[in-house]
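Before any comments, here is the structure.
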Amino acid sequence: MPDSQPQQPPRNDGAASDATALLLSGARLADGRTVDVRLSGGRVDAVGTAGSLAPGARVDLSGYLLLPAPAEPHAHCDLALTADADGPAAYAPDDVQRRTTEAALLQLGHGATALRTHVRVGDVSGLGALEAVLLARRALGGLIDVSAVAMPRTLTGIAGAEGLAMLRDAVKMGAGVIGGCPDLDPDPTGHVEAVLALAAEHGCAVDLHLDGDDPALLARFAAMAGGLRPGVTLGPCGGLTRLPRQLATRAADQLAAAGITVCALPQAECGALEERRSPVSPCAPVRLLRAAGVRVAAGSGALRDTANPVGRGDPLEAGFLLASREGLPPEEAYEAISGQARAAMGLPEVRVEAGFPAELLAVRGESVAGALSLAYSRLVVHRGRVVARTSAVREYCDSAAVVALDLPRQARTTQGDGRQPPRN
């Protein structure tokens with residue numbers, strides 16, 4: 001589905017009446033309250049104290065923390081899961097569709113209910129990869145929302161004429177976001193101008209790969225892109241860390257003034273810019289950017305491809321790294337993979353409050369810090385229904401230490417509706 005501007009959802013405090021209503025009971029919220037949450041019509045219908053809402057179809061979330069679901073703002077599903085391939089990745093449409101589907105389901109299992117994937121267009125592959133991604137998007141409807149970014153290589157000069165025509169066709173096919181790699185074009189400024197002009201013509205969002213180590217290019221980009229709707233995102237911008245502090249701060253101020261979002265990739269960079277540099281740049285300077293007022297989202301980037309053969313595609317790992325390596329408080333780190341990521345993608349805001357979209361993640365634990373640290377068991381809600389569940393069982397052999405500590409064991413009793421409860 002094409003990205004759109006975030007909108008405040010209408011409130012709905014009435015009782016649930018349709019057959020799809022679902023009660024999430026005994027969930028803990030980030031503020032420490034234990035509540036029941038009723039879902040209906042794809043939205044949060046009501047939130048009340050534990051035991052206060054009428055029973056119905058019910059999922060027991062005792063021992064779970066209930067949060068707005070993460071979103072994945074920077075994926076490369078067309079290249080995912082190719083690290084073990086002999087030679088270049090197979091780029092036939094069937095291969096791309098299979099990889100996109102598998103990658104999206106992996107990230108859904110981790111908790112992401114929306115995903116933005118950058119897809120190469122032009123060169124040898126033409127529009128075949130994009131068509132395959134759009135087919136996968138349709139097949140995944142109802143499980144996870146997928147949006148596609150058309151990513152050409154060259155848009156200037158004689159070679160760029162074909163890329164620009166291909167990019168126009170990609171928008172007509174259903175790519176809701178226009179991307180590109182200015183650093184790989186002989187004329188980076190011309191590349192940016194072409195992307196922004198086409199985005200303005202079609203009313204599309206923009207999401208560019210940019211290293212960010214050229215302050216003059218960043219300044220020109222900010223001046224050209226300021227105020228463009230429905231929004232502009234840059235990533236991974238690891239090159240900002242190589243700039244002198246004064247230049248990096250000035251660039252951050254310019255990005256903030258232009259309303260541009262930076263999507264950092266704390267796990268590792270993606271492969272779109274790997275031809276340009278070695279070694280790989282570090283994560284974008286998230287604290288410097290946030291201090292300047294830049295919206296900072298965080299994505300996963302590579303998922304077990306040549307750029308990162310051990311990439312997990314796990315939003316919570318990206319949040320963990322923002323907290324542990326970049327020094328963000330856990331709540332701010334989670335916001336970067338959830339609220340800020342959704343805003344960057346033009347998706348509606350999510351809260352565990354009546355009237356908001358029922359895009360939720362339940363994680364075994366009691367706090368956001370614990371969720372980022374040991375988020376093994378997860379339950380994912382998309383459009384008001386449970387679409388994925390991961391259960392991890394931790395057991396220890398009999399010993400005096402285990403008995404003395406009264407460590408938690410796996411409970412296998414059934415709920416009132418006959419289903420197994422979420423596992424530890």
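All figures in this text were calculated on a predicted structure; none of them were measured in a lab.
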Q: Evaluate side-chain contact (heavy atoms from CB on, under 4.5 Å) for Leu65 paired with Glu366, printing each intermediate quantity in order.
A: CA-CA 6 Å; Leu65 183 70; Glu366 297 182 349; over 6 Å; no
Any donor-acceptor pair under 3.5 Å linking the side chain of [X] with the backbone of [Y]?
| X | Y | value |
| --- | --- | --- |
| Arg295 | Gln340 | no |
| Ser367 | Gly370 | yes |
| Glu72 | Ser300 | yes |
| Ser338 | Tyr334 | no |
| Asp305 | Asn308 | yes |
| Asp36 | Gly26 | yes |
| Arg342 | Glu349 | no |
| Ser324 | Phe320 | yes |

Let me confirm one number: the [atom1]-[atom2] distance from [X] to [Y], rounded to the nearest 0.5 Å.
| X | Y | atom1 | atom2 | answer |
| --- | --- | --- | --- | --- |
| Cys204 | Leu196 | SG | CG | 12.0 Å |
| Asp60 | Ser62 | CG | OG | 3.5 Å |
| Leu130 | Asp169 | CG | CG | 10.0 Å |
| Arg389 | Leu379 | CZ | CG | 5.0 Å |
| Leu24 | Leu360 | CG | CG | 7.0 Å |
| Leu108 | Thr390 | CG | OG1 | 9.0 Å |

Q.
Regarding Arg242 and Asp211, does a basic nitrogen lie under 4.0 Å from an acidic carboxylate oxygen?
A.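 Yes, Arg242 and Asp211 are salt-bridged.
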Q: State plainly whether the residues Glu332 and Arg290 are in salt-bridge range, i.e. N to O under 4.0 Å.
A: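 A salt bridge is present here (some side-chain N lies under 4.0 Å from a carboxylate O).
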Identify the two heavy atoms, one from [X] and one from [Y], that lie closest to each other, and give their separation to 0.1 Å.
| X | Y | answer |
| --- | --- | --- |
| Val368 | Ala30 | CG2-CB, 4.2 Å |
| Ala298 | Cys263 | C-SG, 4.2 Å |
| Ala80 | Arg99 | O-CD, 2.8 Å |
| Leu289 | Ala252 | CD2-CB, 3.8 Å |
| Val262 | Ala284 | CG1-CB, 4.4 Å |
| Asp95 | Ala90 | OD2-CB, 3.3 Å |

Q) What's the verdict on side-chain contact (heavy atoms from CB on, under 4.5 Å) for Leu143 and Arg385, showing C-alpha distance, side-chain angles and the deciding distance? A) CA-CA 9 Å; Leu143 292 175; Arg385 69 187 187 103; 4.0 Å; yes
Side-chain contact, heavy-atom cut-off 4.5 Å: [X] with [Y]?
| X | Y | result |
| --- | --- | --- |
| Arg116 | Val149 | yes |
| Glu359 | Pro68 | no |
| Leu134 | Glu131 | no |
| Leu255 | Asp253 | no |
| Thr101 | Leu140 | yes |
| Arg38 | Leu22 | no |
| Leu208 | Phe221 | yes |
| Leu288 | Val286 | no |

Around atom [atom1] of [X], are there more than 12 heavy atoms of other residues, nucleotides or ligands at under 6.0 Å?
| X | atom1 | value |
| --- | --- | --- |
| Gln97 | CD | yes |
| Asp84 | CG | no |
| Arg287 | CZ | no |

Q: List the steps, then state whether side-chain contact (heavy atoms from CB on, under 4.5 Å) holds for Cys77 with Leu115.
A: CA-CA 10 Å; Cys77 294; Leu115 179 150; 3.8 Å; yes
Q.
Could you go through Asp145 and Arg137, starting from their C-alpha distance and side-chain angles, then the distance that decides it, and tell me whether this counts as salt bridge (Lys or Arg N to Asp or Glu O under 4.0 Å)?
A. CA-CA 7 Å; Asp145 292 330; Arg137 179 178 73 179; over 6 Å; no
Q. Angle class for the His76/His118 ring planes (parallel below 30°, perpendicular above 60°, tilted otherwise)?
A.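 Parallel: the ring planes of His76 and His118 meet at under 30°.
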Q.
What verdict does the salt bridge (Lys or Arg N to Asp or Glu O under 4.0 Å) test give for Asp185 and Arg153, after you've listed the backbone C-alpha separation in whole Å, the side-chain angles of each residue and the deciding distance to 0.1 Å?
A. CA-CA 7 Å; Asp185 196 301; Arg153 181 184 178 89; over 6 Å; no
Q: Check salt bridge (Lys or Arg N to Asp or Glu O under 4.0 Å) between Glu201 and all other residues, then give those that pass, not counting sequence neighbours.
A: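 With neighbours one apart ignored, the set is Arg168.
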Q: Go through Val294 and Thr261 one step at a time and tell me if the side-chain contact (heavy atoms from CB on, under 4.5 Å) criterion holds.
A: CA-CA 6 Å; Val294 178; Thr261 298; over 6 Å; no
Q | Pairwise salt bridge (charged side-chain N to carboxylate O under 4.0 Å, His left out) hits with a residue in residues 314-323, at least two apart | A |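 Only Arg312-Glu317, Asp314-Arg378 qualify under salt bridge (charged side-chain N to carboxylate O under 4.0 Å, His left out).
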Q: Show the numbers, then the answer: is there a side-chain hydrogen bond (donor to acceptor under 3.5 Å, both in side chains) between Arg28 and Thr34?
A: CA-CA 4 Å; Arg28 185 182 181 92; Thr34 299; 4.9 Å; no
